[in-house]
Structures are given as C-alpha cells and as structure tokens.
Amino acid sequence: VTDTLAFRMEAPSTIGTKNNATITIGTLTIPWWVGYADQTKEIKAFSTSIAYSAGLGGLGGGDLKCSARAAASPYGLSGSYIFLASNSTIDAVNRIPWNWGTMKTLNGTTVVSGGITDLFDGSLANPINVTELGTTNTDYAWTGSVATGTRDPGSGNLCADYSAYSDRTMIGNTGATGTAWIALQTSYCDSRVLYCVENIDDTTDAVPNVFYPKYKIQVPINTRVQS
C-alpha cells in the first residue's frame with residue numbers, strides 16, 4: 001500500500017493552550033496536538049552530575065531524582081524537574097512542558113530559542129552539558145528516544161521502562177549538539193546520567209530552593225591614610 005493520508009489541525013488562538021486529536025487507522029492510534037506557545041517564556045535544563053542505574057523506578061522515579069538534584073543545586077532552582085526520556089507508553093516530547101520559547105542551561109547559555117519543536121529538530125545551539133552544580137559534564141544520558149523526541153523502536157524494552165537492569169535503551173551524549181545529544185546509540189542497562197527539564201507547569205511549586213551565591217572577599221594590597 002502506497003497511499004498517503006494528510007491531516008490538518010488548526011492552531012488555537014489563545015496563547016498557552018493547545019488543541020488535541022487522536023488519529024486511529026485500523027489498530028494504530030496516534031495522539032496529536034498543536035499548541036500556541038508563549039515565546040517569551042524561558043525554561044531551564046541540566047544534566048545530572050550523578051550517574052544512575054537503569055532501575056530508576058520508572059519515569060516517575062527519574063523525575064524524583066531530577067527534582068532531588070535540583071534541590072541540591074546552589075542556583076536556587078524550582079523543586080520540580082522532569083526526566084527527559086521516552087518509555088513504552090509515552091514519548092519524551094509529550095512528557096516535558098511545551099509552553100515556552102527558549103531553553104537555557106543553568107549558566108544562561110541558550111540551548112534552543114525556537115521552542116519545543118526546535119529542541120527536537122535534530123540540532124541544538126549549545127549542548128545540555130551543565131550540571132545542577134554548575135560544572136560541565138560530557139557523559140552519556142538515558143533517553144530511550146530518537147531525534148524527534150519519540151520512543152526509539154530499536155531500544156528493546158527500554159530497561160523495563162527504567163525499572164531494572166533489563167535489555168537496552170537509547171542513550172544520548174551530553175556534549176553533543178547534533179542528533180547524538182538524544183540519540184547516540186543503544187546501550188545496555190548500566191549507569192548513565194539524566195537530562196532534567198524544569199517543570200514550569202507545576203503551579204504548586206511556588207517557593208524556590210535556597211540560593212547560595214558565590215562570592216569573593218577582596219582585600220587591598222596596600223592601604224594609605226593621609227591626614
């Protein structure tokens with residue numbers, strides 16, 4: 001069969017909202033949405049300074065680890081962060097917030113400036129290689145995803161959906177800006193770092209963590225007093 005089906009959905013007219021649809025063809029069901037994002041909003045992302053085994057406790061367990069690392073950060077981050085990864089039932093592109101325009105690392109470097117579609121178009125302006133501690137990290141990260149942010153069909157059982165040392169999943173390279181940032185190669189389920197994205201949709205998280213600014217005390221070499 002070589003027939004092509006084309007679908008069209010109108011974008012919403014209200015900023016910060018999206019229209020949803022479900023396309024069903026035989027036994028195939030495809031969720032689809034179109035949103036009107038607020039391009040003035042910024043979102044933060046970091047890669048963890050700690051590597052974790054694949055037995056995370058599922059995607060939710062990864063979220064908890066991301067939030068814990070955010071709480072340990074000296075940058076006064078919000079307490080809610082999301083593990084950027086796909087499992088067998090949900091894609092990374094549909095897990096993280098979409099209503100934003102610019103993603104930045106914790107040191108203020110722009111990762112992408114064109115919203116969520118820019119994040120998953122195959123290239124980044126700069127890598128997500130800054131950790132929650134502000135250090136630079138070039139390592140491998142669990143993703144389970146291809147460049148578009150959807151589940152990698154060649155990733156086996158995605159480490160039993162990140163709950164066990166089982167089979168394999170896709171990993172990315174935190175130092176990469178091409179597709180390898182999210183889809184480098186499949187890997188056995190040992191230990192990797194996590195990509196963590198700020199959950200700007202969490203309205204219950206209104207109090208940031210404690211901020212510890214770095215400072216230096218400067219003492220003059222010579223002091224002269226005239227009378």
Side-chain angles (χ1 to χ4, degrees), residues 27-31 44-73 77-97 103 105-106 111 116 119-120 122 124 127-199 202 209:
T27 59
L28 179 66
T29 300
I30 305 169
K44 299 181 184 70
F46 63 84
S47 53
T48 60
S49 62
I50 298 174
Y52 295 93
S53 71
L56 295 170
L59 292 178
D63 294 344
L64 292 176
K65 288 175 173 57
C66 281
S67 296
R69 294 318 304 159
S73 172
L77 304 179
S78 63
S80 182
Y81 273 72
I82 296 173
F83 171 37
L84 193 159
S86 302
N87 70 2
S88 60
T89 59
I90 188 168
D91 296 327
V93 66
N94 291 322
R95 290 200 78 231
I96 67 170
M103 174 180 283
T105 64
L106 300 189
V111 177
I116 195 168
L119 182 63
F120 296 112
L124 307 178
I128 309 173
N129 64 347
V130 178
T131 72
E132 76 282 359
L133 302 179
T135 56
T136 300
N137 180 16
T138 301
D139 209 331
Y140 300 120
W142 299 121
T143 67
S145 308
V146 294
T148 56
T150 55
R151 178 185 181 276
D152 172 38
S155 279
N157 70 6
L158 296 99
C159 301
D161 281 347
Y162 306 101
S163 63
Y165 288 96
S166 174
D167 206 21
R168 63 193 186 278
T169 191
M170 179 65 75
I171 60 172
N173 185 328
T174 63
T177 54
T179 57
W181 82 266
I182 191 172
L184 175 67
Q185 63 189 38
T186 55
S187 169
Y188 290 107
C189 303
D190 40 26
S191 294
R192 307 295 183 195
V193 303
L194 312 183
Y195 284 128
C196 301
V197 177
E198 182 181 12
N199 186 7
D202 185 2
N209 291 307

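Residue S47 comes nearest to Y195 through the heavy atom pair CB-CD2, 4.3 Å, listed as atom of the first residue, atom of the second, then distance. Closest heavy-atom contact between K65 and L194: CB-CD1, 4.0 Å. Smallest separation of non-hydrogen atoms from S67 and S80: OG-CA, 3.6 Å. Across all their heavy atoms, T89 and N87 have their closest contact at N-OD1, 2.9 Å. The nearest pair of heavy atoms linking W142 to C189 is CH2-CA, 3.7 Å. Closest approach of V130 to F46, counting heavy atoms only: O-CB, 3.2 Å.
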* Give the intermediate values and the outcome of side-chain contact (heavy atoms from CB on, under 4.5 Å) for residues E132 and Y81. => CA-CA 11 Å; E132 76 282 359; Y81 273 72; over 6 Å; no

* Step by step, work out the side-chain contact (heavy atoms from CB on, under 4.5 Å) result for V111 and T105. => CA-CA 7 Å; V111 177; T105 64; 3.6 Å; yes

* **Derivation of the side-chain contact (heavy atoms from CB on, under 4.5 Å) call for L124 and M103** => CA-CA 10 Å; L124 307 178; M103 174 180 283; over 6 Å; no

* Before giving the answer on side-chain contact (heavy atoms from CB on, under 4.5 Å), spell out for C159 and S166 the whole-Å C-alpha distance, their side-chain angles and the decisive distance to 0.1 Å. => CA-CA 5 Å; C159 301; S166 174; 5.7 Å; no

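The closest side-chain donor-acceptor pair between T174 and N137, if any, does not fall under 3.5 angstrom. Donor-acceptor pairing under 3.5 Å is recorded for the side chains of T148 and T150.
In terms of modelled atom types and a separation under 3.5 Å, the side chain of D161 and the main chain of S88 share a donor-acceptor contact. Remark: the backbone N or O of R151 is paired with a side-chain donor or acceptor of D91 at under 3.5 angstrom. Distance alone, capped at 3.5 Å, is enough to place a donor-acceptor pair between the T143 side chain and the I182 backbone. At distances below 3.5 Å, at least one donor-acceptor pair connects side-chain atoms of D167 with backbone N or O atoms of N157. Proximity of a side-chain donor or acceptor of T48 to a complementary backbone N or O of V193 within less than 3.5 Å is not detected.
Sorted by first and then second residue, the pairs that involve residues 175-189 and meet side-chain hydrogen bond (donor to acceptor under 3.5 Å, both in side chains), not counting sequence neighbours, are S187-R192.
Here the CG-CD distance, from L77 to E198, works out to 7.5 Å after rounding to the nearest 0.5 Å.
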Contacts under 3.5 angstrom, residues 56-63 side chains, donor-acceptor by atom type, not counting sequence neighbours:
unit_1, atom_1, unit_2, atom_2, d
D63, OD1, F83, N, 2.8
D63, OD1, R95, NH1, 3.3
D63, OD1, R95, NH2, 3.3
D63, OD2, R95, NH2, 2.7

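Looking at residues two or more places apart in sequence or on another chain, you find a side-chain contact (heavy atoms from CB on, under 4.5 Å) between A92 and L84, S86, S145.
Two residues are said to be in side-chain contact when any heavy atoms from C-beta on lie closer than 4.5 Å; P97 and I82 meet this criterion. With contacts defined as side-chain heavy-atom distances shorter than 4.5 Å, the pair V93/I116 qualifies.
Atom OH of Y140 has 12 or fewer neighbouring heavy atoms from other residues, nucleotides or ligands inside a 6.0 Å radius.
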